[in-house]
There are 2 protein chains.
Amino acid sequence: MTTTKNSSVIFSSRPDGFPIPGEHLQVTNDATINLDSVPLHGGLLVKTIALSVDPYYRILMDRTYKLGEPIFGHIVGRVIRSELEGYNPGDYIYTEEAPFQEYAVVTRGASQLRRIEKDAATWVQYLGVLGMVTRTAWIGYYALAKAKKGETILVSTAAGGVGSAVAQIAKEQGLKVIGSAGSDEKVKYLKEELGLDAAFNYKTEDLEAVLKREGPIDIYWDHVGGKTLETVIGNMNPVGRVIICGVIEQYNSKDNTGFGVKNFSLIHSRELTVAGFWVNPLEKREGDFGFFKEMPKLVREGKIKIREEVRHGLDTVPQFLLDIQKGKNVGKAVVIVADE
Amino acid sequence: MTTTKNSSVIFSSRPDGFPIPGEHLQVTNDATINLDSVPLHGGLLVKTIALSVDPYYRILMDRTYKLGEPIFGHIVGRVIRSELEGYNPGDYIYTEEAPFQEYAVVTRGASQLRRIEKDAATWVQYLGVLGMVTRTAWIGYYALAKAKKGETILVSTAAGGVGSAVAQIAKEQGLKVIGSAGSDEKVKYLKEELGLDAAFNYKTEDLEAVLKREGPIDIYWDHVGGKTLETVIGNMNPVGRVIICGVIEQYNSKDNTGFGVKNFSLIHSRELTVAGFWVNPLEKREGDFGFFKEMPKLVREGKIKIREEVRHGLDTVPQFLLDIQKGKNVGKAVVIVADE
């Protein structure tokens, strides 16, 4: 083998608002790679089959991604060369830390690197319902929600990947589940497909009124932050729990001031707990609560399903990342990069 | 026995700011009680020996105390009559729910009602270092701080009852302890008497600068809320814990809007946990973590000491409550009401 074209999604300049395709992220088709000689430093050379686009990549643009280099994230791929024990050419792998390129060098010790079986699930499922998104829902829920049957949970962005997984896990457990979403079509999906007890369009319905009708809330799964969070805190039961899984309202704010949450004193008077988390360090601290054992079963039984929005080609990544920041996607965002 | 004078601390009108002696609280000397015939409804008739004045009584003025009736709180007293099994005339009792009167009817089931030994501790100790204040520190700390040796804790109002107990418990456990207080005299006390690693006067020193010098903070024990809390959140280590034990800044605010905490998103990005609590329900949920077994020993060994400010006579209660709202007290506020 000689030199091969290796398209990449390059972090080309730092956004201070939404990440604009072509400006902050560029897909370059002019890079090449020598598949025989590229140094692996004890890692793997992988052909990227599919990748996942997730909201938090926006945060990595603020502090982690390096300018001029490929962004990285979750992929499934096929091993071409290996310097890592236990991995052989032809194996399929999953990792959450691979550069977004047609051919990627995956370092030993890359986050969540593991071998996967070709026929146990689809590539989209590996990146979706068996991937970080559902693992975030599962581990966050079991570590932090301390849910009891009969309690009421409110899930924001409940039609999204994490949200819909949380909603279904809570439903399985016998909670009353209320979901918020940004379109009537998503609300319909939450009620009719996922069987939530209540769902509402946060763009057209008044949150306070919804909470007065459907609440009070014992558990709030928050992806939003800001004014929404303040309103929910004002409608929580004593000893309620707020799980902060994301703060989309602030990912793309130009100044870093943020919304001032004024009713903090209710955290005291109502004995609330507010906990922020990231799944990988949380898993390291508290374990996986049986995710890898339980989730494939629940998926097979149809008890956990998530919508998938699949696009094709590395070229689609920058626009996809913008779309999910704006809530324009309709499910877990996965890009098919190549045939195996 | 016939009719006896029974002075009382009456809740006479509802404050919307600081509780003014004579306006919102009045001590009346014209009420009487018939010690032989006053109905006990299965409870106790008690002669009040001493009582405790605590900051949170101010909150009870907003939503719990009834206008025209005595306020209630923590007392030690001697039983005069009993309709309650296990209690006899001459016994000494502690409870956190007795009306503030010379002679008080204590209902069966009053919060934390228990018999105490006359010679095991002083009455002031029963209301101070063995009372709710230290129990709040102990149970809150063990249930919520999840402290590890070598971590850094910041305690606000560290010269106060709860604060100084938390500081000493944490010091015992091998933490770096930083205390804030409102006067140079208190700062000196924290450093020289309690041996804190660092202490500062929040009225004259810049919190941000102190935290840059002494932090970052793993655990923040908060009695204050507002801007102070926001500044501390901005200086916390990942996986830090904020324990909200009080929100003095808001107890006496005229509007209920509160300060807007703007850096809520750090709770997510740094995986912080913010937990509010009240000791009695927390104890009911999680147990007492050996408080009644361990604390008397620690007190005897001089490992936990708290300052006591003792005043004499029911008449002193309204001003004392105002003084502790303004931080003018110099330790746990106890009022001696009568000789035994």
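A note on names: the letters A, B, ... follow the listed sequences, proteins ahead of strands, and every chain is numbered from 1. Note that the structure is predicted; figures quoted are calculated from it, not measured.
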key: A:H223 backbone acceptor or donor facing A:S156 side chain under 3.5 Å   = yes

ask   = Mind checking what makes side chain to side chain donor-acceptor pair (under 3.5 Å) contact with A:S52, not counting sequence neighbours?
value = A:D54, A:K332

Enclosure of B:K212 NZ (heavy-atom neighbours >12, cutoff 6.0 Å) = yes

inquiry  = For chain B, which candidate among A:I243, A:V242, A:L229 shows the most heavy-atom pairs at distances under 4.5 Å?
reply    = A:L229

key: Residue pairs fulfilling salt bridge (Lys or Arg N to Asp or Glu O under 4.0 Å) with at least one residue in residues 158-169 of chain B, sequence neighbours excluded   = none

Options A:V261, A:D222, A:L282, A:I244, ranked by heavy-atom pairs under 4.5 Å with chain B, top entry = A:V261

message = Can you tell me which portion of A:R241 sits under 4.5 Å from chain B's heavy atoms? Options are side chain, backbone, both or neither.
response = neither

request  = Mind ranking B:I267, B:T273, B:V274 by heavy-atom pairs under 4.5 Å with chain A and telling me who comes out on top?
outcome  = B:V274

